[in-house]
Amino acid sequence: MGFKVNYHPELIAFLGVLFLSTMPISVSANIPQPKDPIGDILQAQAPLPAPVPIEPEPPVESKPNQKDVNCMAEAVYFESKNEPIKGQKAVAHVILNRTKNPKFPSTICKVINQKNDSGCQFSYKCENKSLRPKNLEDYETAKEVATEVLNGENDITRGAIYFHNNTVKPAWAKLSKLTMIIGNHKFYKG
């Protein structure tokens with residue numbers, strides 16, 4: 001019983017080249033070395049300068065629009081000036097949350113001035129009283145609260161878009177989800 005070997009000329013040629021490429025080559029003075037044009041170009045250039053570290057751009061602080069601050073401060077002052085700071089911030093967050101909800105206008109001032117079937121979204125707007133703050137210290141606090149909320153402070157109301165004082169019981173409150181109570185106000189999601 002014999003054993004047959006098939007020889008493939010391509011395989012033999014490949015193995016020969018592979019074998020020869022592993023053999024050390026002695027350079028003879030009669031055999032010119034091939035030129036490496038890329039190596040010549042790279043060697044001819046001046047050394048590259050050290051890389052310059054790229055520093056990240058500082059974050060751009062966007063200041064809230066002064067009109068938005070003033071409108072929100074007015075609402076915070078008249079709706080919650082007697083509340084703790086947390087309660088004032090919650091009122092400001094309700095206003096801001098409304099601007100992101102399709103049921104309401106998309107700007108702070110339009111949300112505050114929006115009318116509804118029974119009058120005004122914010123009761124102080126329909127009381128026909130002066131909108132000039134009587135207590136400037138409380139109004140400055142309301143402006144600080146408005147600025148902080150408009151600068152991106154975390155929403156403490158868990159997405160509330162409604163609130164009311166504990167002294168009233170609006171019909172819509174039964175249809176909304178209570179998210180929290182702060183001071184004399186209850187806050188709701190729609």
Side-chain angles (χ1 to χ4, degrees), residues 51-190:
V52 177
I54 299 174
E55 294 188 26
E57 294 276 331
V60 177
E61 283 192 34
S62 62
K63 290 178 76 177
N65 175 320
Q66 195 58 48
K67 183 178 177 183
D68 288 343
V69 171
N70 292 340
C71 285
M72 186 178 282
E74 175 190 280
V76 168
Y77 175 83
F78 285 107
E79 292 288 335
S80 62
K81 68 179 173 280
N82 296 324
E83 293 294 315
I85 295 295
K86 186 176 180 181
Q88 292 182 42
K89 286 183 178 184
V91 167
H93 278 292
V94 166
I95 296 165
L96 185 60
N97 290 344
R98 285 185 176 193
T99 66
K100 299 171 187 174
N101 187 303
K103 294 179 188 176
F104 299 96
S106 61
T107 69
I108 301 295
C109 296
K110 286 181 180 178
V111 162
I112 292 165
N113 291 305
Q114 184 181 20
K115 304 286 185 199
N116 62 21
D117 295 339
S118 60
C120 300
Q121 291 284 342
F122 294 89
S123 59
Y124 80 95
K125 294 300 261 181
C126 286
E127 292 175 346
N128 294 325
K129 294 181 181 178
S130 170
L131 297 180
R132 295 188 71 128
K134 292 180 182 174
N135 185 321
L136 292 181
E137 187 177 327
D138 287 346
Y139 182 69
E140 285 303 314
T141 299
K143 280 177 73 173
E144 288 173 21
V145 165
T147 301
E148 289 171 12
V149 168
L150 288 170
N151 274 332
E153 186 173 274
N154 286 336
D155 181 7
I156 60 175
T157 69
R158 299 182 198 114
I161 56 173
Y162 301 107
F163 71 94
H164 69 82
N165 190 294
N166 289 337
T167 61
V168 296
K169 294 185 180 186
W172 57 258
K174 294 175 187 173
L175 305 173
S176 301
K177 180 182 178 192
L178 180 68
T179 63
M180 64 187 338
I181 299 172
I182 302 174
N184 291 321
H185 287 95
K186 292 181 178 179
F187 296 84
Y188 300 83
K189 281 188 179 181

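Worth saying up front: this structure is predicted, and the values here are computed from it rather than measured.
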A.B. asks: Could you note down all residue pairs passing disulfide bond (SG atoms under 2.5 Å apart) where residues 71-110 supplies at least one of them, sequence neighbours left out?
C.D. replies: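 Matches after skipping sequence neighbours: Cys71-Cys109.
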A.B. asks: Less than 4.5 Å apart, any side-chain heavy atom of Lys189 and any of Thr157?
C.D. replies: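 The answer is no; the side chains never approach within 4.5 Å.
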A.B. asks: Please list all pairs passing the disulfide bond (SG atoms under 2.5 Å apart) test where one or both residues lie in residues 114-144, with sequence neighbours left out.
C.D. replies: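 Matches after skipping sequence neighbours: Cys120-Cys126.
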A.B. asks: Under a 4.5 Å cut-off applied to non-hydrogen side-chain atoms, are Val91 and Glu83 in contact?
C.D. replies: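 No, too far: nothing below the 4.5 Å cut-off.
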A.B. asks: Do any pairs count as a side chain to side chain donor-acceptor pair (under 3.5 Å) and have a residue in residues 99-111, sequence neighbours left out, and if so which ones?
C.D. replies: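 Output for this query is empty, none listed.
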A.B. asks: Apply salt bridge (Lys or Arg N to Asp or Glu O under 4.0 Å) to Lys81 and list each qualifying residue two or more places apart in sequence or on a separate chain.
C.D. replies: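 Expected list: none.
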A.B. asks: Once you round to the nearest 0.5 Å, how far does OG1 of Thr179 lie from NZ of Lys186?
C.D. replies: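 Between Thr179 OG1 and Lys186 NZ, I get 12.0 Å after rounding to 0.5 Å.
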A.B. asks: So, taking the atom named CG in Asp68 and the one named CD1 in Ile112, what distance separates them when rounded to the nearest 0.5 Å?
C.D. replies: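 That separation rounds to 8.5 Å.
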A.B. asks: Which distance, rounded to the nearest 0.5 Å, do you find between the CG of Asn70 and the OG1 of Thr147?
C.D. replies: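 So the CG of Asn70 and the OG1 of Thr147 are separated by 8.5 Å.
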A.B. asks: With side chains defined as the heavy atoms from C-beta onward, is the minimum distance between Thr141 and Tyr77 less than 4.5 Å?
C.D. replies: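 Counting from C-beta outward, Thr141 and Tyr77 never come under 4.5 Å.
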A.B. asks: With Glu140, which residues qualify under salt bridge (Lys or Arg N to Asp or Glu O under 4.0 Å), at least two apart?
C.D. replies: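 So Glu140 forms no salt bridge (Lys or Arg N to Asp or Glu O under 4.0 Å) with any residue.
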A.B. asks: So, for Ala73 and Ala142, which heavy atoms are closest and what is the spacing to 0.1 Å?
C.D. replies: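 Residues Ala73 and Ala142, closest heavy atoms: O-CB, 3.5 Å.
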A.B. asks: Just to verify, what does His164 make a ring pair (Phe, Tyr, Trp, His ring centres under 6.0 Å) with, not counting sequence neighbours?
C.D. replies: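 Checked His164 against ring pair (Phe, Tyr, Trp, His ring centres under 6.0 Å); matches are Trp172, Tyr188.
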A.B. asks: Looking only at non-hydrogen atoms, find the nearest pair between Ile156 and Ala90 and report the distance.
C.D. replies: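 Closest pair (atom of Ile156, atom of Ala90, distance): CD1-N, 3.9 Å.
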A.B. asks: Partners of Glu144 by salt bridge (Lys or Arg N to Asp or Glu O under 4.0 Å), sequence neighbours excluded?
C.D. replies: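 Glu144: no salt bridge (Lys or Arg N to Asp or Glu O under 4.0 Å) contacts found.
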A.B. asks: Quick one: side-chain hydrogen bond (donor to acceptor under 3.5 Å, both in side chains) partners of Asp138, sequence neighbours excluded?
C.D. replies: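 Testing Asp138 for side-chain hydrogen bond (donor to acceptor under 3.5 Å, both in side chains), a comparison that skips the adjacent residues, returns Asn135.
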A.B. asks: Counting heavy atoms not belonging to Glu137, are there more than 12 under 6.0 Å from its CD?
C.D. replies: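 At most 12 heavy atoms, drawn from other residues, nucleotides or ligands, come within 6.0 Å of this atom.
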A.B. asks: Mind listing the closest non-hydrogen atom pair of Phe187 and Val94 along with its distance?
C.D. replies: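 Result for this residue pair: CD2-CG2, 3.6 Å.
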A.B. asks: For Pro84 and Ile182, work out which heavy atoms get closest and say how close.
C.D. replies: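 Shortest heavy-atom contact: CG-CG2, 4.4 Å.
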A.B. asks: Quick one: does Val149's side chain get under 4.5 Å of Val76's, heavy atoms only?
C.D. replies: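 Of all side-chain heavy-atom pairs linking Val76 with Val149, none is under 4.5 Å.
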A.B. asks: So Phe163 and Glu79, do their side chains get closer than 4.5 Å, heavy atoms only?
C.D. replies: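 The answer is yes; the side chains approach within 4.5 Å.
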A.B. asks: List for me each residue that meets salt bridge (Lys or Arg N to Asp or Glu O under 4.0 Å) alongside Glu74, sequence neighbours excluded, and say none if there are none.
C.D. replies: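 With sequence neighbours excluded, Glu74 shows a salt bridge (Lys or Arg N to Asp or Glu O under 4.0 Å) to Lys125, given in chain and number order.
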A.B. asks: Hey, could you give me each pair passing salt bridge (charged side-chain N to carboxylate O under 4.0 Å, His left out) that has a residue in residues 147-165? Not counting sequence neighbours.
C.D. replies: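 Those involving residues 147-165 are Lys89-Glu148, Lys89-Glu153.
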A.B. asks: Determine which pairs satisfy disulfide bond (SG atoms under 2.5 Å apart) with at least one residue from residues 149-190, sequence neighbours left out, and list them in order.
C.D. replies: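 Residue pairs passing disulfide bond (SG atoms under 2.5 Å apart), neighbours aside: none found.
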A.B. asks: Are side-chain N/O atoms of Gln121 and Arg98 paired as donor and acceptor at under 3.5 Å?
C.D. replies: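 Gln121 vs Arg98: donor-acceptor pair found between side chains.
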A.B. asks: Rounded to the nearest 0.5 Å, what separates atom CD in Gln66 from atom NZ in Lys143?
C.D. replies: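 So the CD of Gln66 and the NZ of Lys143 are separated by 5.5 Å.
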A.B. asks: Could you check Phe104 against Ile95 for side-chain contact (heavy atoms from CB on, under 4.5 Å), going step by step and ending with a plain yes or no?
C.D. replies: CA-CA 10 Å; Phe104 299 96; Ile95 296 165; over 6 Å; no
A.B. asks: Surrounding NZ of Lys174 (heavy atoms of other residues, nucleotides or ligands, distance under 6.0 Å), is the total greater than 12?
C.D. replies: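 No, NZ of Lys174 has 12 or fewer neighbouring heavy atoms, counting only those of other groups under 6.0 Å.
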A.B. asks: Measure across Asn154 and His93 and return the closest heavy-atom pair with its distance rounded to 0.1 Å.
C.D. replies: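 The answer is O-NE2, 3.1 Å.
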A.B. asks: Is any side-chain heavy atom of Thr167 closer than 4.5 Å to one of Asn184?
C.D. replies: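 Not touching, per the 4.5 Å side-chain cut-off.
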A.B. asks: For the residue pair Ala160 and Asn97, what are the closest heavy atoms and their distance?
C.D. replies: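 Shortest heavy-atom contact: O-ND2, 2.9 Å.
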A.B. asks: Determine which pairs satisfy disulfide bond (SG atoms under 2.5 Å apart) with at least one residue from residues 129-190, sequence neighbours left out, and list them in order.
C.D. replies: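 Not a single pair qualifies under disulfide bond (SG atoms under 2.5 Å apart).
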